[in-house]
Amino acid sequence: MEDGFKNIDELLRGSLGDYNKPPSPKVWKGVSKSLFYSGLTKYILVAFGILAISTAAYLYLGYTNTVNVPDYSANIENNIKNTNDPSVIDELIIEKSDNAIDDNKNKTSTSQSLDKGSEINRTETIISENNSKSGKVDTPKKAIATAPLLTNEKSAIVEPSSKATIEDRPVDDIPANITYPGIPGLLDNSHISGMPSSHIHSNTIFIDYYTMDIITGRNNFNGMPAVSKLDYGSDKSFSYGLYISPEIIFTNDEENSKKLQVNMDAVVNYKTNEDFYLQGGIGIGISQDDGRYSVDYSQYDSIGYYYEVNSFTIDPITGKPVFKTTVENVYDTVDYNTLTLTGNRYTYFRLSGFFGYKVHSVKRFSVFVKGGLTYSILAKTYEPNPGYTNDDAINIEITNETPQRIQDTWQLSAGLGFHYRLSNNLVISGEPVYNYYLRPVYEQRLNTKSPYSIGLRVGLLFKF
Amino acid sequence: MTVDEKIIRGCISGKRRAQNQLYNAFAPGMLGVCMRYCKNVAEAEDVLQEGFVKVFKYIKSFRGEGSFEGWIRRIMVNTAITSYNRTSKIYHEEIDENTMAFNDTSKGDEVYLPVDTEILMQLIQKMPEGYRMVLNLYVFEGYKHKEISSILNISENTSKSQLSKGRKYLKNELEKIEKVKSLQY
């Protein structure tokens with residue numbers, strides 16, 4: 001029994017140590033699918049990266065025009081303390097130089113000159129905290145405070161409650177609740193411009209301090225930035241954008257497989273009115289697909305065994321023959337078939353046209369309904385040769401079973417556009433989109449339905 | 001089995017073609033490993049799939065120390081063990097050394113004839129899961145009972161008893177097969 005094994009362990013190691021069996025094609029399919037989804041996370045990270053960069057840009061660029069408000073309360077208190085008349089405690093008059101008033105295009109220099117306590121020739125009123133609640137502007141009194149008056153002092157802004165006409169009304173009755181159109185919290189001087197000079201009292205805060213270029217640079221009004229009509233969102237304007245959009249294509253055929261495509265588009269938006277815009281785009285789309293190769297090969301393998309009778313004896317008790325046998329394995333050339341896949345890549349040139357209609361808008365956030373058409377034409381194909389490796393295989397024959405791609409295709413698209421305005425010139429856009437292919441992407445398959453895809457377009461829109 | 005370094009680099013770069021080449025090179029052998037740990041081919045293919053996903057995910061961590069095939073094999077074995085621990089509801093019988101000695105009736109002088117590998121694989125797969133896991137780890141992977149007890153979260157004695165019972169089980173099954181075959185003559 002020199003061919004035998006000394007014990008069970010040796011038998012197992014000798015027989016099964018090198019055991020191998022080709023797995024079914026579905027295993028690679030499952031591996032490939034898992035790798036596909038893990039690859040998808042890469043693009044999701046890119047999308048989040050864009051979002052993070054945009055947020056950083058917003059935080060940095062969105063507030064560069066803000067003006068630091070110096071704390072002048074201590075200065076006022078000192079002047080009050082130096083005043084002998086106690087009746088002026090809550091009624092303060094501050095003076096401001098004409099130079100500072102005229103220099104409303106350069107707030108920084110104004111505030112700096114005021115910080116230094118420059119000579120003040122003209123009186124203005126700061127509404128004390130108590131009086132601001134009453135909604136009236138105080139009459140100038142005796143005390144003089146030399147605190148700086150800044151164009152963006154919150155104390156200079158009267159909380160609005162309703163609009164009012166101020167012509168033919170005494171100066172003291174001018175309500176402090178006049179608002180600038182569209183911008184809560186700002187006084188409007190358009191009503192005052194036609195007033196007799198006698199009605200224009202020194203205690204009136206003019207909107208002259210708040211010309212539009214200043215308004216644009218202001219920080220915050222009731223939680224919203226002040227935006228003039230020159231800013232983003234104006235009628236009939238162009239903006240330009242860059243989009244990246246990972247998509248999962250569902251082939252919708254008998255295999256119902258999923259393919260990954262990544263599109264990169266440059267777009268131009270033309271806003272025809274406040275709610276409607278047209279978008280034209282040009283870009284490329286890179287689609288991943290499997291090259292399918294059927295591999296037929298032969299391999300010298302075990303096909304079974306038999307017992308070879310070496311000798312026999314007759315059992316003296318039973319009278320039956322007792323055979324002495326050895327096991328002989330039988331080997332032969334066995335034909336196998338397996339499927340091998342390659343990572344093919346197809347690059348499409350894309351032209352797209354979309355329209356968008358605003359259905360909802362809250363502060364900086366807008367929601368659009370989008371629809372459009374995209375034309376794609378195959379520009380470049382990458383189909384590597386299959387590399388089947390099997391040291392034991394002979395007579396390897398590889399057949400290409402990769403379906404032929406069509407040269408061009410049309411897609412109908414529909415989706416939602418979520419726009420968030422990061423700054424006056426910058427908008428981030430996230431657009432879940434559904435695409436329906438008007439024709440199957442493969443030419444050689446019969447009775448296939450048109451594929452469809454779902455994707456997420458993430459991009460930035462700039463206005464120069 | 002040797003694998004081209006270019007294929008490994010391709011896999012690290014996430015190239016599907018290289019991944020497919022690597023898979024084709026090692027999948028048959030690794031399915032053999034997985035089949036020893038599972039009760040049927042379908043379950044083994046599930047483990048194989050999960051294992052290869054791990055291979056491609058962590059291939060960057062392969063430092064070239066030891067054989068690449070050995071590295072993949074360890075991943076497959078670990079995946080099979082994880083799958084076993086996840087699904088196992090087997091009661092591990094705790095026995096003492098005496099009981100184990102009583103059960104271990106093998107004399108160590110048996111000689112076994114070659115058996116068809118398919119039949120032997122079927123016997124392994126039909127074994128109770130606990131026997132199969134310990135037998136595989138001890139016989140094929142070369143682990144000691146202390147290590148096996150740690151891997152499977154069982155006591156060392158249980159590991160020894162499972163191995164003993166597993167051997168006995170196989171011995172009995174092989175004897176049955178021999179009897180059936182001898183009756184055929």
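These values consider heavy atoms only, across backbone and side chains, with no hydrogens, waters or symmetry-generated copies. Protein chains get the first letters and strands the later ones, always in sequence-line order, with residue 1 at the start of each.
Contact count versus chain A (heavy atoms, under 4.5 Å) is highest, among B:A18, B:G14, B:G29, for B:G29.
Residue B:L123 does not touch chain A at all, counting heavy-atom pairs closer than 4.5 Å. Heavy atoms closer than 4.5 Å to chain B are found nowhere in A:K320, neither backbone nor side chain. Residue B:M30: no heavy atom, backbone or side chain, is found under 4.5 Å from chain A.
Taking the side chain to side chain donor-acceptor pair (under 3.5 Å) definition, one finds that B:E118 meets it with A:Y19, sequence neighbours left out. When the side chain to side chain donor-acceptor pair (under 3.5 Å) test is applied to B:E156, no partner is found at least two apart in sequence or on another chain. Considering only residues two or more places apart in sequence or on other chains, A:R345 meets the salt bridge (Lys or Arg N to Asp or Glu O under 4.0 Å) condition with none of them.
Residues A:N20 and B:V33 form no side-chain contact, since every pair of their non-hydrogen atoms from C-beta on lies 4.5 Å or further apart. Residues B:N24 and A:V295 have side chains not in contact (no heavy-atom distance under 4.5 Å, counting atoms from C-beta outward). When side chains are defined from C-beta on, A:N385 counts as touching B:R17, because their heavy atoms get closer than 4.5 Å. Looking only at side-chain heavy atoms (C-beta outward), B:L120 and A:L11 come within less than 4.5 Å of each other. Between B:F140 and A:L16 there is a side-chain heavy-atom pair separated by less than 4.5 Å. At least one side-chain heavy atom of B:L170 sits less than 4.5 Å from a side-chain heavy atom of A:L12. Considering only heavy atoms from C-beta on, B:P28 stays 4.5 Å or farther from A:K21 through its side chain.
Considering CH2 of A:W28 and CG of B:L48, their distance stands at 11.5 Å, rounded to 0.5 Å.
Annotation: A:F312, atom CZ; neighbour count of heavy atoms from other residues, nucleotides and ligands within 6.0 Å does not exceed 12. By the neighbour-count criterion of 12 heavy atoms within 6.0 Å, atom CG of A:D18 is sparsely surrounded, having that number or fewer from other residues, nucleotides or ligands.
Close approach to chain A, defined as a heavy atom under 4.5 Å from one of its heavy atoms, is seen in B:F52, B:V53, B:F56 of residues 50-62 of chain B, taken by number.
Between A:P23 and B:L31, the closest heavy-atom pair is CA-CD2, 3.6 Å.
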Under the criterion side-chain hydrogen bond (donor to acceptor under 3.5 Å, both in side chains), I'd like the reasoning laid out for A:S32 against B:R16: C-alpha separation, chi angles, the key distance, then a yes or no. CA-CA 8 Å; A:S32 185; B:R16 189 58 55 88; 2.8 Å; yes

